[in-house]
Amino acid sequence: MAPRQAPRARDPRPRGSLDRRTVAATAIEVIEEHGIDSLTMRALASELDCGTMTLYSHVRNRDDLIVAILERLIEELDVVAHTSHADDGWRDVLVRLFGAYRELAERHPHAFELLALAPYDAEPVASHLESVLASLERAGLSPDDARRVLGISDAFATGFLVVRARTTTRPGAVAGASTPLGDLRSVGMYERGIEAILAGIEGTLTGVTTDHRSST
């Protein structure tokens with residue numbers, strides 16, 4: 001009896017039909033369905049129905065894949081966060097940003113944690129934060145105040161949303177379950193928290209103009 005031969009690797013995906021954005025979007029789907037620990041290059045190639053070597057032509061390794069995922073998440077975030085208006089004040093900028101942040105966490109609760117806990121000084125997060133700071137400065141804050149406001153409010157939002165995401169996705173969690181403390185991680189509590197943080201920070205600002213809508 002002739003020895004059984006291993007099946008040949010195949011790559012049925014049409015040439016040119018795969019790109020970095022598609023790879024990242026599919027990786028997010030894998031994370032949401034199976035968890036971050038399940039995301040391997042081999043598993044992703046199988047999900048994309050392509051060869052592993054084809055996948056490596058779009059992302060160099062798993063670390064680069066994580067960067068691609070962050071790029072995709074920030075792209076989704078920026079669609080809302082950078083929809084600015086001529087009369088926006090700095091509070092408007094941040095309320096819109098952290099509203100978009102919450103919506104992203106609800107769409108991708110597992111993948112969201114990769115963005116929430118990513119280092120500030122690593123790309124693509126660094127460029128994203130620089131653009132936010134520039135928006136805050138255009139809205140009337142000094143560079144120092146812009147960094148202070150963003151740092152403090154981001155710390156609150158990140159902590160709240162990571163815990164909320166883990167709580168709502170844990171095994172056995174029931175969406176909207178009513179408990180004596182059930183509203184502590186609610187959307188309403190998050191929004192009130194952001195408003196409280198911004199109101200508290202406002203009194204510490206050093207710039208002459210804190211909201212260009214009220215300047216004369």
Side-chain angles (χ1 to χ4, degrees), residues 24-25 27-40 62-63 65-82 90-133 135-136 146-202 204:
I28 291 171
E29 293 175 2
V30 171
I31 292 172
E32 294 307 321
E33 185 172 357
H34 303 292
I36 184 63
D37 292 338
S38 70
L39 183 64
T40 64
R62 194 174 186 277
D63 287 342
L65 174 59
I66 297 301
V67 171
I69 292 171
L70 293 178
E71 290 169 349
R72 184 64 187 247
L73 293 174
I74 289 173
E75 182 181 311
E76 289 188 31
L77 183 66
D78 284 349
V79 168
V80 176
H82 291 334
W90 65 268
R91 289 177 63 122
D92 298 311
V93 172
L94 285 176
V95 167
R96 186 170 55 249
L97 170 67
F98 289 115
Y101 208 40
R102 174 185 60 76
E103 292 170 2
L104 186 71
E106 292 179 347
R107 282 196 304 274
H108 309 300
H110 294 288
F112 165 77
E113 193 165 328
L114 292 174
L115 176 60
L117 302 182
Y120 281 176
D121 59 351
E123 293 295 348
V125 176
S127 294
H128 166 68
L129 293 178
E130 287 296 334
S131 69
V132 174
L133 290 173
S135 295
L136 291 172
R147 286 192 294 273
R148 184 180 303 112
V149 169
L150 178 59
I152 294 172
S153 51
D154 180 70
F156 165 78
T158 295
F160 190 107
L161 292 174
V162 166
V163 173
R164 174 175 163 79
R166 289 189 177 188
T167 299
T168 57
T169 59
R170 75 183 189 279
V174 179
S178 178
T179 67
L181 301 178
D183 68 336
L184 293 183
R185 293 296 172 187
S186 67
V187 171
M189 189 66 73
Y190 172 76
E191 292 174 347
R192 287 192 291 273
I194 290 294
E195 286 291 343
I197 290 290
L198 299 185
I201 292 173
E202 189 166 11
T204 71

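Quick caveat, the model's predicted, so the values are computed rather than measured. Every heavy atom of this structure was used, including side-chain atoms; hydrogens, water molecules and symmetry mates were not.
Judged as a side-chain hydrogen bond (donor to acceptor under 3.5 Å, both in side chains), and not counting sequence neighbours, the contacts of E195 are R91. Here R102 pairs with E106, E191 under the salt bridge (Lys or Arg N to Asp or Glu O under 4.0 Å) rule; sequence neighbours left out. Checked against ring pair (Phe, Tyr, Trp, His ring centres under 6.0 Å), Y101 has the following partners two or more places apart in sequence or in another chain: F112. In terms of the salt bridge (Lys or Arg N to Asp or Glu O under 4.0 Å) criterion, residue partners of R147 (sequence neighbours excluded) are, by chain and number, D144. Among residues two or more places apart in sequence or in another chain, the side-chain hydrogen bond (donor to acceptor under 3.5 Å, both in side chains) test is passed with T204 by none.
In this structure, the side chains of F98 and F156 stay at 4.5 Å or more apart for every pair of heavy atoms. In this structure, the side chains of V149 and I197 stay at 4.5 Å or more apart for every pair of heavy atoms. L94 has its side chain out of reach of I194: every pair of non-hydrogen atoms, C-beta onward, lies at least 4.5 Å apart. Side chains of L150 and L97 form a contact here, defined as non-hydrogen atoms less than 4.5 Å apart. No side-chain heavy atom of R62 sits under 4.5 Å from any side-chain heavy atom of T40. Looking at heavy atoms from C-beta onward, L129 lies in side-chain contact with V125 at the 4.5 angstrom threshold. Contact annotation: the side chain of H128 approaches that of L77 to within less than 4.5 Å [non-hydrogen atoms, C-beta and beyond].
Listed for the S135 side chain is a donor-acceptor partner under 3.5 Å among the backbone atoms of S131. Remark: the backbone N or O of A24 is not paired with any side-chain donor or acceptor of R72 at under 3.5 angstrom. Judged purely by atom type and a 3.5 angstrom limit, T158 has no side-chain atom pairing as donor or acceptor with the backbone of A155.
Evaluation of the salt bridge (Lys or Arg N to Asp or Glu O under 4.0 Å) test over residues 107-119, restricted to residues two or more places apart or in two chains, returns E76-R107, E113-R166.
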Output, in order, the C-alpha distance, side-chain angles, deciding distance and verdict of side chain to side chain contact (heavy atoms under 4.5 Å, CB included) for L104 and L115. CA-CA 10 Å; L104 186 71; L115 176 60; 3.6 Å; yes
Can I69 and I31 be said to form a side chain to side chain contact (heavy atoms under 4.5 Å, CB included), step by step? CA-CA 10 Å; I69 292 171; I31 292 172; 3.8 Å; yes
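Here the closest non-hydrogen pair linking S186 and R164 is CA-NH1, 3.8 Å. Annotation for I201 and S153: closest pair CD1-N, 4.5 Å, computed over non-hydrogen atoms.
Atoms NE2 and CD1, on H110 and I36 in that order, are 10.5 Å from each other to the nearest 0.5 Å.
Geometrically, R185 does not engage Y190 in a cation-pi contact, judged by NZ or CZ lying under 6.0 Å from the ring centre and within 45° of the ring axis.
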